[in-house]
Amino acid sequence: MKQEAKRIQSIPPYLFARIEKKIDELKEKGIDVISFGIGDPDLPTPDYIIDKMAEAIKDPANHQYPSSVGMISFRRAVADWYKKRFDVDLDPATEVVSLIGSKEGIANINYCYVDPGDINLVPDPGYPVYGIGTMLAGGESYYMPLKEENGYLPDFTAIPEDIAAKAKLMFLNYPNNPTGATATREFFEEAVAFAKKYDIIICHDAAYSEVAYDGYVPVSFLEIDGAKDVGIEFNSVSKPFNMTGWRIGFAVGNAKVIETLGRYKSNVDSGAFQAVQIAAMEGLANGDETIEKMHQIYAKRRDLVVDAFNSLGWNLPKPKATFYIWAPVPKGFTSESFAEYVLEKAAVIVTPGNGYGAAGEGYFRISLTLPEERVAEAAERLRDHLDQVTF
Ligand SMILES: *Cc1c(COP(=O)(O)O)cnc(C)c1O
C-alpha cells in the first residue's frame with residue numbers, strides 16, 4: 001500500500017478517540033465509568049424541531065441536491081436570528097452561508113486562505129480543528145497562549161511584529177472551549193483593531209453563544225463596529241438545540257470571505273440536507289424557551305461539580321458560559337497523571353488539558369453533558385475518593 005499523504009501522517013490521534021478506547025477497556029472489566037470527557041449534549045433535540053424535520057422529509061422537493069451555500073429561506077432565518085439575538089444586520093444573500101456543522105467551515109476556511117508556509121494565529125489551549133485545519137492546508141500555527149492571569153484571552157501585544165504582518169487568519173472562540181472563559185466587547189474591539197492594522201481575517205467561533213448562565217449574555221464578535229470589514233463568525237444549532245448529530249451550522253459576516261467559503265464548498269460538498277436546514281430554522285425562530293431550560297439544567301450540573309472540587313481544596317469560580325469547567329491539577333501532577341489518578345480512584349473521566357495544546361498542560365477539563373444523577377454520583381465519588389489538596 002502506498003504511503004498516506006504527509007498531511008495525513010501529521011495528524012495526531014484525535015484526543016477523544018484515545019479516551020473512548022480507555023472507557024471501553026474499563027467497561028469491559030465491568031467498572032461503571034462516569035465520563036466528563038466529551039462535549040456532546042446528552043439531552044434530546046426538542047420535539048418541535050423533530051416534527052418539523054418529519055414534515056420536511058416527506059416533501060420530494062427536499063430530496064434533491066440542496067444549494068451548496070444554503071436555501072435562501074435558511075440564510076434569511078439566520079439573518080433574522082442575528083438581528084433578534086445580537087442586533088446585527090446581515091444580508092442573507094451575501095453575508096450568510098450554510099455549513100455542514102460549523103466544524104466543516106472552520107476546517108475549510110483554511111483551504112480558502114492558507115497557502116503552504118502561511119501563518120495562522122491559533123489559541124492555545126483551543127478546539128483542535130483550528131490548528132489541524134491550518135496544517136492540512138499547508139500552513140503553520142502561531143499559538144497564542146491563553147493564560148489564566150489574562151482571563152484566558154490572547155495578549156495581542158505579545159505577538160511578534162513579523163508574525164502579525166505575515167498572518168492570514170486568526171481564530172478566536174468565546175465563550176471558550178475548553179476554558180469556559182468569556183470575552184468582553186472591549187476585547188473584541190481590540191481584536192478588530194489588531195486585525196485592521198495587520199490585515200488579518202478574524203474567524204470567530206461562537207459555538208457557545210447560547211450556553212450561558214446567571215443572566216450573562218455572550219457578545220457576538222459582529223456586534224463590534226468594523227468587525228464585518230475584517231472577519232466572519234461561525235455558529236451552529238448543535239449546542240443550543242442538542243443537534244450535534246444533525247450537522248447544520250453557518251458562517252456569517254464579511255461578504256467577500258463568505259463568498260469565498262461558498263465558492264470553495266460548491267466544489268467539495270453539495271450543502272446540507274434541506275430537511276435539516278428547515279428543522280434548524282424552526283429552532284432559530286422558536287427556540288428561546290428551549291435555551292432557557294437548558295441553562296437551568298447545565299447550571300445545576302455546574303454547581304454540583306464546582307462545589308465538589310471546591311470542597312476538596314480547589315478554588316474554582318463558576319463559569320458564566322459553556323458546559324465546561326477548566327481547572328488546574330494539584331501540585332505534583334501533570335494533566336495526564338491527574339486524569340489517570342481520577343480514573344483509578346473514582347472511575348471518573350476528565351480530559352487532560354494538554355490535549356488542547358501545550359498551554360493546556362497543568363489543567364483538566366470537565367464537560368457537563370451527562371444527566372444530573374450521573375453528575376451527582378460523580379461529584380460524590382470525587383468527594384469520597386480524592387484526597388484533599390492545597391494549592
Ligand atoms: C462543538 C464545537 C463546535 C462545532 O460544532 P458543530 O457541531 O460542527 O457546529 C465548534 N467549535 C467549538 C469550540 C465547539 O466546541
Side-chain angles (χ1 to χ4, degrees), residues 4-12 14-15 68-69 95-146 154 156 158-174 176-177 191-192 194-207 221-222 227-236 249-269 271 356-359:
E4 289 172 346
K6 288 190 186 68
R7 75 179 77 86
I8 293 295
Q9 292 178 37
S10 313
I11 297 176
Y14 197 59
L15 176 66
S68 51
V69 295
E95 295 176 331
V96 181
V97 63
S98 69
L99 298 171
I100 307 170
S102 56
K103 184 179 187 179
E104 176 260 297
I106 292 165
N108 280 332
I109 193 70
N110 290 289
Y111 288 102
C112 298
Y113 285 97
V114 176
D115 282 318
D118 282 349
I119 289 174
N120 284 348
L121 305 176
V122 175
D124 174 12
Y127 186 55
V129 189
Y130 313 135
I132 291 181
T134 300
M135 184 272 285
L136 289 174
E140 277 170 42
S141 295
Y142 176 86
Y143 287 103
M144 305 181 287
L146 307 185
F156 298 131
I159 299 169
E161 190 82 23
D162 59 321
I163 298 284
K166 222 183 142 190
K168 281 258 173 102
L169 308 177
M170 173 161 65
F171 289 100
L172 294 173
N173 166 222
Y174 294 97
N176 184 261
N177 176 7
V192 169
F194 183 80
K196 278 211 165 130
K197 181 170 176 195
Y198 293 104
D199 188 23
I200 294 167
I201 298 169
I202 292 182
C203 298
H204 181 239
D205 178 354
F221 157 72
L222 293 178
K228 232 195 253 179
D229 301 333
V230 297
I232 60 170
E233 186 159 86
F234 293 98
N235 210 331
S236 84
F250 42 89
V252 297
N254 184 276
K256 184 72 195 73
V257 179
I258 294 296
E259 185 275 327
T260 305
L261 183 54
R263 184 152 37 95
Y264 177 84
K265 284 172 56 60
S266 69
N267 287 282
V268 299
D269 66 57
Y356 301 94

**Q** Nearest 0.5 Å, what's the SG-CG distance between Cys112 and Leu169?
**A**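 Rounded to the nearest 0.5 Å, the SG-CG separation comes to 9.0 Å.
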**Q** Compare all side-chain heavy atoms of Leu121 with those of Phe194 and state whether any distance is below 4.5 angstrom.
**A** yes
**Q** Which pair of non-hydrogen atoms, one from Tyr113 and one from Val257, has the smallest distance, and what is that distance?
**A** OH-CA, 3.4 Å
**Q** In sequence, state the C-alpha distance, the side-chain angles, and the governing distance for Phe156 and Met170, and then conclude on side-chain contact (heavy atoms from CB on, under 4.5 Å).
**A** CA-CA 11 Å; Phe156 298 131; Met170 173 161 65; 3.5 Å; yes
**Q** What are the two closest heavy atoms between Tyr198 and Ala165, and how far apart are they?
**A** CD2-N, 3.8 Å
**Q** Kindly check if the number of other-residue, nucleotide or ligand heavy atoms within 6.0 Å of CG (Asp229) is above 12?
**A** yes
**Q** Just do the side-chain contact (heavy atoms from CB on, under 4.5 Å) check on Tyr264 and Ile109 with the steps written out, would you?
**A** CA-CA 9 Å; Tyr264 177 84; Ile109 193 70; over 6 Å; no
**Q** Please find the pair of heavy atoms, one from Ile100 and one from Gly271, that lie closest to each other, and give the distance.
**A** CD1-O, 3.7 Å
**Q** Taking side chain as C-beta onward, heavy atoms only, is Leu99 less than 4.5 Å from Ile106?
**A** no
**Q** Can you confirm whether Lys256 is buried at NZ, in the sense that more than 12 heavy atoms of other residues, nucleotides or ligands lie under 6.0 Å from that atom?
**A** yes
**Q** Is any side-chain heavy atom of Ile258 closer than 4.5 Å to a side-chain heavy atom of Ile232?
**A** yes
**Q** Nearest 0.5 Å, what's the OG-CZ distance between Ser236 and Phe250?
**A** 7.0 Å
**Q** Can you check side-chain contact (heavy atoms from CB on, under 4.5 Å) on Val252 and Asn235, steps first, answer last?
**A** CA-CA 8 Å; Val252 297; Asn235 210 331; over 6 Å; no
**Q** Do Leu172 and Pro154 make a side-chain contact, defined as non-hydrogen atoms from C-beta onward lying under 4.5 Å apart?
**A**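 Touching, per the 4.5 Å side-chain cut-off.
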**Q** Any non-hydrogen side-chain atom of Asp205 less than 4.5 Å from a side-chain atom of Phe171?
**A** no
**Q** Are the side chain of Glu233 and the backbone N or O of His204 linked by a donor-acceptor pair below 3.5 Å?
**A** no
**Q** What are the two closest heavy atoms between Ala195 and Val230, and how far apart are they?
**A** CB-CB, 4.0 Å
**Q** Using atom types as modelled, flag every donor-acceptor pair under 3.5 Å from a side chain in residues 131-143 to any protein atom, sequence neighbours excluded.
**A**
from: Thr134; atom 1: OG1; to: Asn110; atom 2: OD1; distance (Å): 3.4
from: Thr134; atom 1: OG1; to: Asn120; atom 2: ND2; distance (Å): 2.9
from: Thr134; atom 1: OG1; to: Tyr130; atom 2: O; distance (Å): 2.7

**Q** To the nearest 0.5 Å, tell me how far Glu4 CD sits from Ser10 OG.
**A** 10.0 Å
**Q** Among residues at least two apart in sequence or on other chains, which ones pass side-chain contact (heavy atoms from CB on, under 4.5 Å) with Val69?
**A** Ser67, Arg75, Val97
**Q** How far apart are the closest heavy atoms of Glu95 and Ala255, and which atoms are they?
**A**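 Shortest heavy-atom contact: CG-CB, 4.2 Å.
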**Q** Determine whether Asn173 and Phe234 make a side-chain contact, defined as any pair of heavy atoms from C-beta on separated by less than 4.5 Å.
**A** no
**Q** Do you know the tightest heavy-atom contact between Lys228 and Asn254?
**A**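 Nearest pair, atom of Lys228 first, then Asn254: O-ND2, 2.8 Å.
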**Q** Could you measure the distance from the CG atom of Asp199 to the NZ atom of Lys168? Nearest 0.5 Å is fine.
**A**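 Answer for the CG-NZ pair, Asp199 versus Lys168, is 10.0 Å.
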**Q** Whether the side chain of Asp124 engages the backbone of Ala358 through a donor-acceptor N/O pair (distance < 3.5 Å, no angle test) should be reported.
**A**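 Yes, the answer is positive, given that a donor and an acceptor are paired below the 3.5 Å cut-off.
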